[in-house]
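Input: a single structure, listed below in C-alpha coordinates.
Start at 1 with the first residue, then count along the sequence. In listed order, ligands and their atoms are each counted from 1.
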Amino acid sequence: MCAIVGVYGSEDAAKIAYYALFAMQHRGQESTGLSSADGDRIHLIKKRGLVTDVFDEEALSLLTGSCAIGHNRYSTAGKDSVLDAQPVFAKYKLGEISVAHNGNLVNKYEVRNELIDKGAIFQTGMDTENIVHLIAKSQEDKLIDRIKDMLTKIEGAYCLAIQSRSKMFVVRDRFGIRPLSLGKLKNGGWMVASETCAFDLVGAEFVRDVEPGEMLIFEEGQEPKSEKIFEADYHPCAFEYIYFARPDSIIDGKTVYNMRLEMGKQLAKETPTEIDLVLPVPDSGVAAAKGYADGLCVPFEMGIVRNHYVGRTFIEPTQEIRDLKVKLKLSPIKDMIKGKRVAIVDDSLVRGTTSKQIVRMLKDLGATEVHMRIASPEIKFPCRYGIDTATSQELISYSQTPEEIAAYIGADSLGFLSIEGLKESLGNDRKYSLVSFDGNYFAGGNADSPSCSNCD
Ligand code: AMP
(Lines give C-alpha, C1' and ligand atoms only; values in the text may rest on other atoms or scores of the structure.)
Protein backbone atom coordinates (compact mmCIF):
# COMPACT_ATOMS: atom_id res chain seq x y z
CA MET A 1 0.00 0.00 0.00
CA CYS A 2 1.14 3.58 0.65
CA ALA A 3 0.87 6.54 -1.66
CA ILE A 4 3.53 8.84 -3.06
CA VAL A 5 3.31 12.18 -4.81
CA GLY A 6 5.85 14.50 -6.39
CA VAL A 7 5.20 18.04 -7.64
CA TYR A 8 7.76 20.04 -9.62
CA GLY A 9 7.80 23.57 -10.99
CA SER A 10 4.83 25.06 -9.17
CA GLU A 11 4.60 27.97 -6.74
CA ASP A 12 2.04 25.95 -4.78
CA ALA A 13 3.98 22.69 -4.81
CA ALA A 14 3.33 21.75 -1.16
CA LYS A 15 -0.36 22.64 -1.34
CA ILE A 16 -0.86 20.59 -4.50
CA ALA A 17 1.00 17.66 -2.96
CA TYR A 18 -1.19 18.00 0.15
CA TYR A 19 -4.39 17.71 -1.89
CA ALA A 20 -2.91 14.76 -3.77
CA LEU A 21 -2.21 12.98 -0.48
CA PHE A 22 -5.74 13.80 0.66
CA ALA A 23 -7.13 12.15 -2.51
CA MET A 24 -4.96 9.10 -1.82
CA GLN A 25 -5.73 8.78 1.90
CA HIS A 26 -7.26 5.33 1.28
CA ARG A 27 -3.77 3.99 0.51
CA GLY A 28 -2.52 4.64 4.03
CA GLN A 29 -3.83 6.20 7.22
CA GLU A 30 -1.00 5.55 9.62
CA SER A 31 1.16 8.61 8.98
CA THR A 32 1.73 11.24 6.37
CA GLY A 33 4.51 13.61 5.37
CA LEU A 34 5.59 16.28 2.93
CA SER A 35 8.98 17.76 2.13
CA SER A 36 9.58 20.77 -0.06
CA ALA A 37 12.72 22.14 -1.69
CA ASP A 38 13.34 25.83 -2.30
CA GLY A 39 16.74 25.64 -3.99
CA ASP A 40 18.64 26.31 -0.75
CA ARG A 41 17.24 23.72 1.57
CA ILE A 42 14.66 21.02 2.12
CA HIS A 43 11.80 21.54 4.60
CA LEU A 44 10.07 18.50 6.11
CA ILE A 45 6.91 17.89 8.13
CA LYS A 46 5.74 14.34 8.89
CA LYS A 47 3.67 12.84 11.64
CA ARG A 48 1.28 10.07 12.58
CA GLY A 49 -2.32 10.71 11.59
CA LEU A 50 -4.47 11.57 8.64
CA VAL A 51 -3.51 14.20 6.06
CA THR A 52 -6.08 16.68 7.37
CA ASP A 53 -4.91 16.16 10.97
CA VAL A 54 -1.23 16.64 10.25
CA PHE A 55 -1.34 19.66 7.91
CA ASP A 56 -3.02 23.03 8.22
CA GLU A 57 -2.45 26.40 6.52
CA GLU A 58 0.39 27.25 8.89
CA ALA A 59 2.22 23.96 8.34
CA LEU A 60 1.85 24.25 4.58
CA SER A 61 3.16 27.81 4.65
CA LEU A 62 6.44 26.49 6.09
CA LEU A 63 6.87 24.12 3.16
CA THR A 64 8.21 26.68 0.71
CA GLY A 65 9.68 26.04 -2.72
CA SER A 66 8.52 24.88 -6.11
CA CYS A 67 9.14 21.17 -5.56
CA ALA A 68 7.40 18.94 -3.03
CA ILE A 69 7.22 15.22 -2.44
CA GLY A 70 4.85 13.41 -0.08
CA HIS A 71 3.81 10.07 1.32
CA ASN A 72 0.90 8.37 3.06
CA ARG A 73 1.92 5.36 5.06
CA TYR A 74 -0.04 2.18 5.54
CA SER A 75 1.06 0.06 8.43
CA THR A 76 0.45 -3.48 9.58
CA ALA A 77 -1.60 -3.70 12.79
CA GLY A 78 0.55 -3.26 15.87
CA LYS A 79 3.69 -2.54 13.88
CA ASP A 80 3.32 1.19 13.44
CA SER A 81 6.06 3.37 14.78
CA VAL A 82 6.11 7.09 15.17
CA LEU A 83 9.50 7.09 13.46
CA ASP A 84 8.29 5.24 10.40
CA ALA A 85 6.73 8.23 8.65
CA GLN A 86 8.04 9.37 5.28
CA PRO A 87 9.61 11.14 3.39
CA VAL A 88 12.99 10.11 4.81
CA PHE A 89 15.31 13.13 4.94
CA ALA A 90 19.11 13.18 5.28
CA LYS A 91 22.10 15.44 4.93
CA TYR A 92 25.03 13.84 3.10
CA LYS A 93 28.11 14.67 1.02
CA LEU A 94 26.20 16.34 -1.82
CA GLY A 95 23.83 18.30 0.42
CA GLU A 96 20.29 17.36 1.36
CA ILE A 97 18.01 14.63 0.13
CA SER A 98 14.49 13.44 0.78
CA VAL A 99 12.94 10.14 -0.35
CA ALA A 100 9.35 8.84 -0.54
CA HIS A 101 8.83 5.16 -1.36
CA ASN A 102 5.83 2.99 -2.16
CA GLY A 103 6.41 -0.72 -2.41
CA ASN A 104 8.51 -3.28 -0.68
CA LEU A 105 12.14 -4.23 -1.17
CA VAL A 106 12.58 -7.99 -1.03
CA ASN A 107 16.32 -7.90 -0.26
CA LYS A 108 16.00 -5.33 2.52
CA TYR A 109 17.56 -7.51 5.23
CA GLU A 110 20.60 -8.47 3.16
CA VAL A 111 21.24 -4.83 2.20
CA ARG A 112 20.65 -3.56 5.71
CA ASN A 113 22.92 -6.14 7.32
CA GLU A 114 25.68 -5.34 4.87
CA LEU A 115 25.33 -1.62 5.61
CA ILE A 116 25.31 -2.27 9.37
CA ASP A 117 28.44 -4.42 9.06
CA LYS A 118 30.12 -1.41 7.47
CA GLY A 119 29.09 0.83 10.37
CA ALA A 120 25.82 2.36 9.15
CA ILE A 121 23.27 3.27 11.81
CA PHE A 122 19.50 3.22 11.25
CA GLN A 123 16.77 5.23 12.90
CA THR A 124 13.76 3.24 11.70
CA GLY A 125 12.73 -0.19 10.48
CA MET A 126 11.86 1.07 7.01
CA ASP A 127 13.60 -0.29 3.94
CA THR A 128 13.46 3.27 2.58
CA GLU A 129 16.41 4.06 4.86
CA ASN A 130 18.46 1.50 2.90
CA ILE A 131 17.87 3.64 -0.19
CA VAL A 132 19.12 6.80 1.51
CA HIS A 133 22.20 5.01 2.85
CA LEU A 134 23.04 3.48 -0.52
CA ILE A 135 22.83 6.91 -2.18
CA ALA A 136 24.95 8.50 0.56
CA LYS A 137 27.62 5.79 0.39
CA SER A 138 27.92 5.72 -3.39
CA GLN A 139 31.25 7.02 -4.69
CA GLU A 140 29.69 8.66 -7.78
CA ASP A 141 30.05 12.44 -8.13
CA LYS A 142 26.53 13.29 -9.25
CA LEU A 143 23.27 12.50 -7.48
CA ILE A 144 21.73 10.96 -10.58
CA ASP A 145 24.63 8.49 -10.83
CA ARG A 146 24.38 7.71 -7.13
CA ILE A 147 20.69 6.95 -7.58
CA LYS A 148 21.49 4.65 -10.52
CA ASP A 149 24.17 2.98 -8.41
CA MET A 150 21.63 2.47 -5.59
CA LEU A 151 19.11 0.99 -8.04
CA THR A 152 21.54 -1.81 -8.93
CA LYS A 153 21.50 -2.89 -5.28
CA ILE A 154 17.80 -2.95 -4.43
CA GLU A 155 15.28 -5.57 -5.55
CA GLY A 156 11.52 -5.81 -5.38
CA ALA A 157 8.67 -3.37 -5.74
CA TYR A 158 9.28 0.34 -5.62
CA CYS A 159 7.99 3.65 -6.83
CA LEU A 160 10.33 6.39 -5.65
CA ALA A 161 10.20 10.17 -5.50
CA ILE A 162 13.64 11.53 -4.62
CA GLN A 163 14.22 15.21 -4.02
CA SER A 164 17.41 17.23 -3.78
CA ARG A 165 17.44 20.96 -3.07
CA SER A 166 16.69 21.75 -6.72
CA LYS A 167 15.79 18.55 -8.60
CA MET A 168 13.38 15.68 -8.43
CA PHE A 169 13.95 12.09 -9.60
CA VAL A 170 11.14 9.60 -9.99
CA VAL A 171 11.69 5.88 -10.51
CA ARG A 172 9.40 2.88 -11.03
CA ASP A 173 10.77 -0.65 -10.70
CA ARG A 174 11.07 -2.77 -13.85
CA PHE A 175 8.05 -4.89 -12.94
CA GLY A 176 5.80 -1.83 -12.51
CA ILE A 177 4.15 -3.63 -9.59
CA ARG A 178 2.81 -0.49 -7.91
CA PRO A 179 1.06 2.15 -10.02
CA LEU A 180 2.62 5.55 -10.80
CA SER A 181 1.41 8.16 -13.23
CA LEU A 182 2.67 11.44 -14.67
CA GLY A 183 0.46 14.51 -14.91
CA LYS A 184 0.80 18.12 -16.05
CA LEU A 185 -0.38 21.01 -13.91
CA LYS A 186 -2.37 23.89 -15.36
CA ASN A 187 0.37 26.37 -14.42
CA GLY A 188 2.96 24.42 -16.39
CA GLY A 189 4.39 22.38 -13.53
CA TRP A 190 4.55 18.60 -13.35
CA MET A 191 3.22 16.01 -11.00
CA VAL A 192 3.58 12.27 -10.35
CA ALA A 193 1.20 10.31 -8.14
CA SER A 194 0.45 6.72 -7.19
CA GLU A 195 -3.10 7.12 -8.45
CA THR A 196 -4.75 9.31 -11.07
CA CYS A 197 -7.53 10.31 -8.63
CA ALA A 198 -4.92 12.74 -7.23
CA PHE A 199 -4.72 14.51 -10.63
CA ASP A 200 -8.49 14.85 -10.78
CA LEU A 201 -8.63 16.66 -7.46
CA VAL A 202 -5.96 19.25 -8.29
CA GLY A 203 -7.02 19.69 -11.90
CA ALA A 204 -3.87 18.17 -13.38
CA GLU A 205 -4.01 16.57 -16.79
CA PHE A 206 -3.07 12.90 -16.95
CA VAL A 207 -0.10 12.52 -19.32
CA ARG A 208 0.85 8.84 -19.06
CA ASP A 209 1.87 6.11 -16.65
CA VAL A 210 5.53 6.12 -15.64
CA GLU A 211 7.01 3.14 -17.50
CA PRO A 212 8.34 0.14 -15.58
CA GLY A 213 12.11 0.55 -15.32
CA GLU A 214 11.93 4.28 -16.16
CA MET A 215 13.51 7.24 -14.39
CA LEU A 216 12.12 10.75 -14.82
CA ILE A 217 14.39 13.68 -14.08
CA PHE A 218 12.91 17.09 -13.28
CA GLU A 219 15.18 20.14 -13.46
CA GLU A 220 14.40 23.84 -13.40
CA GLY A 221 13.39 25.35 -16.73
CA GLN A 222 13.39 22.00 -18.54
CA GLU A 223 10.86 19.44 -19.69
CA PRO A 224 11.14 16.20 -17.69
CA LYS A 225 13.80 13.88 -19.08
CA SER A 226 13.18 10.17 -19.31
CA GLU A 227 15.84 7.48 -18.97
CA LYS A 228 15.31 3.78 -19.31
CA ILE A 229 17.17 2.27 -16.39
CA PHE A 230 15.96 -1.32 -16.70
CA GLU A 231 14.33 -3.41 -19.41
CA ALA A 232 10.63 -3.53 -18.48
CA ASP A 233 9.11 -6.83 -17.35
CA TYR A 234 5.64 -5.49 -16.61
CA HIS A 235 3.68 -7.27 -13.87
CA PRO A 236 1.13 -4.76 -12.50
CA CYS A 237 -0.41 -5.82 -9.20
CA ALA A 238 -3.87 -7.37 -9.63
CA PHE A 239 -4.72 -6.40 -6.04
CA GLU A 240 -4.65 -2.74 -6.99
CA TYR A 241 -7.67 -3.44 -9.19
CA ILE A 242 -9.28 -5.81 -6.69
CA TYR A 243 -9.02 -3.73 -3.52
CA PHE A 244 -6.40 -1.01 -3.07
CA ALA A 245 -6.97 1.62 -5.69
CA ARG A 246 -9.86 4.07 -5.69
CA PRO A 247 -12.56 3.04 -8.18
CA ASP A 248 -12.21 6.31 -10.11
CA SER A 249 -8.46 5.84 -10.70
CA ILE A 250 -7.12 4.68 -14.05
CA ILE A 251 -4.20 2.26 -13.95
CA ASP A 252 -2.52 1.15 -17.15
CA GLY A 253 -5.42 2.60 -19.14
CA LYS A 254 -8.07 0.66 -17.20
CA THR A 255 -10.59 2.32 -14.89
CA VAL A 256 -10.55 0.45 -11.59
CA TYR A 257 -14.37 0.54 -11.20
CA ASN A 258 -14.85 -1.10 -14.60
CA MET A 259 -12.40 -3.85 -13.72
CA ARG A 260 -14.32 -4.56 -10.51
CA LEU A 261 -17.60 -4.71 -12.43
CA GLU A 262 -16.00 -7.23 -14.80
CA MET A 263 -14.77 -9.34 -11.88
CA GLY A 264 -18.32 -9.39 -10.51
CA LYS A 265 -19.77 -10.40 -13.88
CA GLN A 266 -17.19 -13.15 -14.27
CA LEU A 267 -17.97 -14.33 -10.74
CA ALA A 268 -21.64 -14.57 -11.73
CA LYS A 269 -20.67 -16.83 -14.65
CA GLU A 270 -18.50 -19.02 -12.45
CA THR A 271 -20.64 -19.24 -9.31
CA PRO A 272 -24.29 -18.66 -10.24
CA THR A 273 -26.91 -19.30 -7.58
CA GLU A 274 -30.69 -18.90 -7.05
CA ILE A 275 -31.08 -15.75 -4.97
CA ASP A 276 -33.47 -12.82 -4.44
CA LEU A 277 -30.96 -10.10 -3.71
CA VAL A 278 -27.28 -9.15 -4.05
CA LEU A 279 -25.67 -7.04 -1.31
CA PRO A 280 -22.13 -5.66 -1.33
CA VAL A 281 -19.81 -5.52 1.63
CA PRO A 282 -19.36 -1.74 1.67
CA ASP A 283 -17.26 -0.14 0.39
CA SER A 284 -14.82 -2.73 -0.88
CA GLY A 285 -17.36 -5.04 -2.55
CA VAL A 286 -19.67 -2.46 -4.14
CA ALA A 287 -18.57 -2.50 -7.78
CA ALA A 288 -18.05 -6.29 -7.88
CA ALA A 289 -21.48 -6.85 -6.30
CA LYS A 290 -23.07 -4.64 -8.95
CA GLY A 291 -21.35 -6.73 -11.62
CA TYR A 292 -22.49 -9.95 -9.94
CA ALA A 293 -26.11 -8.73 -9.75
CA ASP A 294 -26.01 -7.55 -13.38
CA GLY A 295 -24.56 -10.89 -14.42
CA LEU A 296 -27.39 -12.81 -12.73
CA CYS A 297 -30.13 -10.23 -13.45
CA VAL A 298 -30.96 -10.07 -9.75
CA PRO A 299 -31.68 -6.84 -7.78
CA PHE A 300 -28.66 -5.09 -6.26
CA GLU A 301 -29.24 -3.23 -2.98
CA MET A 302 -26.98 -1.29 -0.63
CA GLY A 303 -28.42 -3.37 2.20
CA ILE A 304 -25.48 -3.08 4.57
CA VAL A 305 -24.72 0.36 5.94
CA ARG A 306 -21.18 1.34 6.74
CA ASN A 307 -20.28 3.63 9.60
CA HIS A 308 -17.46 5.75 8.18
CA TYR A 309 -16.39 7.11 11.55
CA VAL A 310 -14.73 3.94 12.80
CA GLY A 311 -11.12 4.94 12.49
CA ARG A 312 -8.00 3.07 13.26
CA THR A 313 -8.47 3.51 16.99
CA PHE A 314 -9.05 -0.19 17.28
CA ILE A 315 -5.70 -1.81 16.92
CA GLU A 316 -6.40 -5.48 16.30
CA PRO A 317 -4.38 -7.64 18.60
CA THR A 318 -7.03 -10.28 19.28
CA GLN A 319 -9.75 -12.01 17.32
CA GLU A 320 -12.45 -10.74 19.74
CA ILE A 321 -11.59 -7.12 19.04
CA ARG A 322 -11.49 -7.78 15.30
CA ASP A 323 -15.01 -9.28 15.54
CA LEU A 324 -16.33 -6.24 17.39
CA LYS A 325 -14.75 -3.94 14.85
CA VAL A 326 -16.72 -5.46 11.98
CA LYS A 327 -19.97 -4.95 13.93
CA LEU A 328 -19.10 -1.35 14.67
CA LYS A 329 -18.38 -0.74 11.02
CA LEU A 330 -21.18 -2.58 9.22
CA SER A 331 -24.87 -2.80 9.93
CA PRO A 332 -27.59 -4.40 7.74
CA ILE A 333 -31.01 -2.89 6.88
CA LYS A 334 -33.41 -5.29 8.60
CA ASP A 335 -36.55 -5.05 6.41
CA MET A 336 -34.59 -5.80 3.30
CA ILE A 337 -33.18 -9.08 4.49
CA LYS A 338 -35.91 -11.01 6.33
CA GLY A 339 -37.15 -14.04 4.40
CA LYS A 340 -34.75 -13.48 1.49
CA ARG A 341 -32.11 -15.61 -0.20
CA VAL A 342 -29.15 -13.28 -0.24
CA ALA A 343 -25.72 -13.23 -1.91
CA ILE A 344 -23.12 -10.97 -0.30
CA VAL A 345 -20.14 -9.95 -2.37
CA ASP A 346 -16.77 -8.81 -1.06
CA ASP A 347 -13.58 -8.11 -2.96
CA SER A 348 -11.41 -10.55 -1.03
CA LEU A 349 -11.28 -12.94 1.89
CA VAL A 350 -8.21 -12.87 4.08
CA ARG A 351 -8.84 -14.37 7.53
CA GLY A 352 -12.58 -14.76 7.08
CA THR A 353 -13.43 -12.38 9.92
CA THR A 354 -15.56 -9.96 7.90
CA SER A 355 -17.49 -12.69 6.10
CA LYS A 356 -18.20 -14.66 9.29
CA GLN A 357 -19.60 -11.60 11.03
CA ILE A 358 -21.77 -10.53 8.11
CA VAL A 359 -23.18 -13.99 7.50
CA ARG A 360 -24.10 -14.23 11.18
CA MET A 361 -25.74 -10.77 11.13
CA LEU A 362 -27.83 -11.61 8.07
CA LYS A 363 -28.92 -14.98 9.43
CA ASP A 364 -29.87 -13.37 12.75
CA LEU A 365 -32.06 -10.95 10.77
CA GLY A 366 -33.95 -13.80 9.14
CA ALA A 367 -32.27 -14.29 5.76
CA THR A 368 -33.32 -17.76 4.61
CA GLU A 369 -30.07 -18.38 2.73
CA VAL A 370 -26.77 -16.49 2.74
CA HIS A 371 -24.31 -17.13 -0.10
CA MET A 372 -20.89 -15.53 0.20
CA ARG A 373 -19.20 -14.51 -3.04
CA ILE A 374 -15.62 -13.27 -3.29
CA ALA A 375 -14.59 -11.33 -6.40
CA SER A 376 -10.98 -12.55 -6.30
CA PRO A 377 -9.31 -15.97 -6.06
CA GLU A 378 -8.36 -17.70 -2.81
CA ILE A 379 -5.50 -15.83 -1.08
CA LYS A 380 -3.01 -18.57 -0.26
CA PHE A 381 0.32 -16.75 -0.17
CA PRO A 382 1.61 -13.62 1.59
CA CYS A 383 2.65 -10.90 -0.82
CA ARG A 384 6.11 -9.43 -0.39
CA TYR A 385 5.66 -6.57 -2.83
CA GLY A 386 3.88 -4.12 -0.60
CA ILE A 387 0.52 -5.69 0.20
CA ASP A 388 -0.12 -6.20 3.84
CA THR A 389 -1.33 -9.77 3.77
CA ALA A 390 -0.69 -11.86 6.84
CA THR A 391 1.57 -14.89 7.21
CA SER A 392 0.48 -18.07 5.38
CA GLN A 393 -0.93 -19.51 8.61
CA GLU A 394 -3.27 -16.55 9.06
CA LEU A 395 -4.65 -16.80 5.53
CA ILE A 396 -7.71 -18.99 5.87
CA SER A 397 -7.49 -20.25 2.26
CA TYR A 398 -3.93 -21.45 2.90
CA SER A 399 -5.17 -24.37 4.97
CA GLN A 400 -8.90 -24.68 4.26
CA THR A 401 -11.00 -25.54 1.22
CA PRO A 402 -13.90 -23.29 0.16
CA GLU A 403 -16.32 -25.88 1.63
CA GLU A 404 -14.52 -25.84 4.99
CA ILE A 405 -14.46 -22.03 5.00
CA ALA A 406 -18.18 -21.90 4.12
CA ALA A 407 -18.86 -24.06 7.18
CA TYR A 408 -16.60 -21.85 9.33
CA ILE A 409 -18.29 -18.59 8.29
CA GLY A 410 -21.75 -20.22 8.44
CA ALA A 411 -22.65 -19.53 4.79
CA ASP A 412 -24.89 -21.76 2.68
CA SER A 413 -22.25 -21.58 -0.03
CA LEU A 414 -18.99 -19.80 -0.75
CA GLY A 415 -17.66 -19.01 -4.21
CA PHE A 416 -14.38 -17.43 -5.31
CA LEU A 417 -13.41 -15.98 -8.67
CA SER A 418 -10.94 -18.34 -10.37
CA ILE A 419 -7.43 -17.19 -11.29
CA GLU A 420 -8.30 -17.65 -14.95
CA GLY A 421 -11.50 -15.66 -14.39
CA LEU A 422 -9.52 -12.84 -12.78
CA LYS A 423 -7.13 -12.73 -15.74
CA GLU A 424 -10.10 -12.73 -18.10
CA SER A 425 -11.70 -9.80 -16.23
CA LEU A 426 -8.48 -7.75 -16.26
CA GLY A 427 -7.76 -8.55 -19.89
CA ASN A 428 -5.21 -11.06 -21.05
CA ASP A 429 -2.93 -8.33 -22.44
CA ARG A 430 -0.71 -8.31 -19.33
CA LYS A 431 1.14 -10.68 -17.04
CA TYR A 432 -0.35 -9.49 -13.75
CA SER A 433 1.29 -9.91 -10.38
CA LEU A 434 -0.87 -12.60 -8.80
CA VAL A 435 1.45 -13.69 -5.96
CA SER A 436 -1.26 -13.75 -3.32
CA PHE A 437 -3.13 -16.32 -5.39
CA ASP A 438 -0.50 -18.35 -7.26
CA GLY A 439 2.62 -17.87 -5.12
CA ASN A 440 4.70 -16.87 -8.17
CA TYR A 441 7.36 -14.69 -6.54
CA PHE A 442 8.72 -13.45 -9.87
CA ALA A 443 10.53 -10.43 -8.36
CA GLY A 444 12.28 -12.31 -5.53
CA GLY A 445 11.13 -12.87 -1.96
CA ASN A 446 8.90 -15.76 -1.02
CA ALA A 447 6.24 -16.88 1.41
CA ASP A 448 8.82 -17.79 4.04
CA SER A 449 10.74 -14.50 3.92
CA PRO A 450 10.62 -12.53 7.14
CA SER A 451 7.38 -10.56 7.30
CA CYS A 452 7.02 -6.96 6.17
CA SER A 453 7.33 -5.34 9.60
CA ASN A 454 9.66 -2.71 8.21
CA CYS A 455 8.24 -2.37 4.77
CA ASP A 456 7.03 0.41 2.54
P1 AMP B 1 -10.97 -10.76 6.42
O2 AMP B 1 -12.07 -10.16 7.21
O3 AMP B 1 -9.73 -11.01 7.26
O4 AMP B 1 -11.36 -11.97 5.62
O5 AMP B 1 -10.49 -9.66 5.38
C6 AMP B 1 -11.28 -9.38 4.25
C7 AMP B 1 -11.59 -7.92 4.21
O8 AMP B 1 -10.39 -7.16 4.32
C9 AMP B 1 -12.23 -7.56 2.91
O10 AMP B 1 -13.38 -6.76 3.19
C11 AMP B 1 -11.20 -6.76 2.14
O12 AMP B 1 -11.79 -5.65 1.49
C13 AMP B 1 -10.23 -6.30 3.19
N14 AMP B 1 -8.82 -6.43 2.77
C15 AMP B 1 -8.27 -7.21 1.84
N16 AMP B 1 -6.94 -7.04 1.75
C17 AMP B 1 -6.62 -6.13 2.68
C18 AMP B 1 -5.41 -5.52 3.11
N19 AMP B 1 -4.24 -5.81 2.55
N20 AMP B 1 -5.48 -4.61 4.12
C21 AMP B 1 -6.64 -4.31 4.70
N22 AMP B 1 -7.82 -4.84 4.34
C23 AMP B 1 -7.82 -5.73 3.36
Side-chain angles (χ1 to χ4, degrees), residues 1-3 25-30 72-80 102-104 157 177-178 237-247 256 260 263-264 279-289 304 306 310-312 314-330 344-361 372-400 402 404-406 408-411 414 416-417 422 433-437 451-452 455-456:
M1 292 277 268
C2 298
Q25 186 75 81
H26 60 285
R27 295 184 71 87
Q29 301 90 42
E30 186 54 44
N72 283 340
R73 177 176 160 79
Y74 179 93
S75 153
T76 17
K79 286 178 181 161
D80 47 299
N102 174 210
N104 204 24
I177 299 173
R178 300 277 141 247
C237 171
F239 232 95
E240 292 282 349
Y241 292 103
I242 294 167
Y243 171 73
F244 287 162
R246 241 172 65 164
V256 171
R260 290 182 189 163
M263 290 173 212
L279 308 177
V281 174
D283 294 322
S284 51
V286 172
I304 300 173
R306 178 170 170 191
V310 181
R312 286 183 59 90
F314 295 92
I315 318 263
E316 294 129 62
T318 65
Q319 191 62 36
E320 291 78 59
I321 293 178
R322 265 187 221 121
D323 286 351
L324 173 68
K325 190 176 172 185
V326 177
K327 267 195 195 159
L328 286 169
K329 199 155 118 183
L330 304 173
I344 331 157
V345 182
D346 203 357
D347 69 288
S348 56
L349 189 126
V350 182
R351 297 180 175 90
T353 317
T354 313
S355 305
K356 190 174 163 73
Q357 277 288 327
I358 291 177
V359 172
R360 198 188 305 150
M361 277 180 191
M372 190 75 214
R373 292 292 177 269
I374 305 294
S376 62
E378 293 160 80
I379 299 179
K380 296 188 174 191
F381 305 91
C383 171
R384 298 290 173 228
Y385 308 146
I387 297 181
D388 168 30
T389 37
T391 58
S392 315
Q393 286 69 26
E394 286 174 279
L395 300 169
I396 195 164
S397 293
Y398 173 75
S399 55
Q400 298 194 43
E404 286 167 338
I405 301 170
Y408 168 72
I409 65 175
L414 169 65
F416 290 92
L417 184 63
L422 173 61
S433 169
L434 301 167
V435 246
S436 307
F437 316 117
S451 77
C452 316
C455 71
D456 56 47

Handout entry: Atoms of ligand 1 close to Gly352 [distance to a heavy atom under 4.0 angstrom, numbered from 1]
Key = 1 (P), 3 (O), 4 (O)
Practice task
Give a yes or no answer on whether the side chain of Arg384 reaches the backbone of Ala157 with a donor-acceptor pair at less than 3.5 Å.
Solution key: no
Exercise for the section: Please determine, by modelled atom types, if Ser376 and Asp347 share a side-chain donor-acceptor pair under 3.5 angstrom. Expected result: no
Practice task
With rounding to the nearest 0.5 Å, note down the distance linking CE in Met372 to CZ in Phe416.
Solution key: 9.0 Å
Completion exercise
Ranking Ser284, Ser397, Ser348, Gly285 by closest non-hydrogen atom to atom 6 (C) of ligand 1, top hit is Ser348
Completion exercise
The single option from Phe244, Phe381, Tyr385 that satisfies ring-ring contact (aromatic ring centres under 6.0 Å, His included) with Phe239 is Phe244
Problem - Per-atom contacts, ligand 1 versus Tyr74 - under 4.0 Å to a heavy atom - result: 18 (C), 20 (N), 21 (C)
Handout entry: Short N-O contact, Glu30 and Arg73, less than 4.0 angstrom
Key = no
Practice task
Before signing off on this row, confirm whether Arg351 and ligand 1 have an N or O atom pair separated by under 3.5 Å.
Solution key: yes
Exercise for the section: Run the numbers for me: atoms of ligand 1, each under 4.0 Å from some heavy atom of Phe239, listed by number. Expected result: 16 (N)
Handout entry: Numbered atoms and elements of ligand 1 in range of Asp347, under 4.0 angstrom, heavy atoms
Key = 9 (C), 10 (O), 11 (C), 12 (O)
Practice task
Examine distances only and state if a side-chain atom of Glu240 and a backbone atom of Tyr243 form a donor-acceptor pair shorter than 3.5 Å.
Solution key: no
Practice task
Mark up the atoms of ligand 1 that fall under 4.0 Å of a heavy atom belonging to Leu349, in ascending order.
Solution key: 4 (O)
Exercise for the section: Answer with side chain, backbone, both or neither: which part of Asp346 has a heavy atom less than 4.0 angstrom from an atom of ligand 1? Expected result: side chain
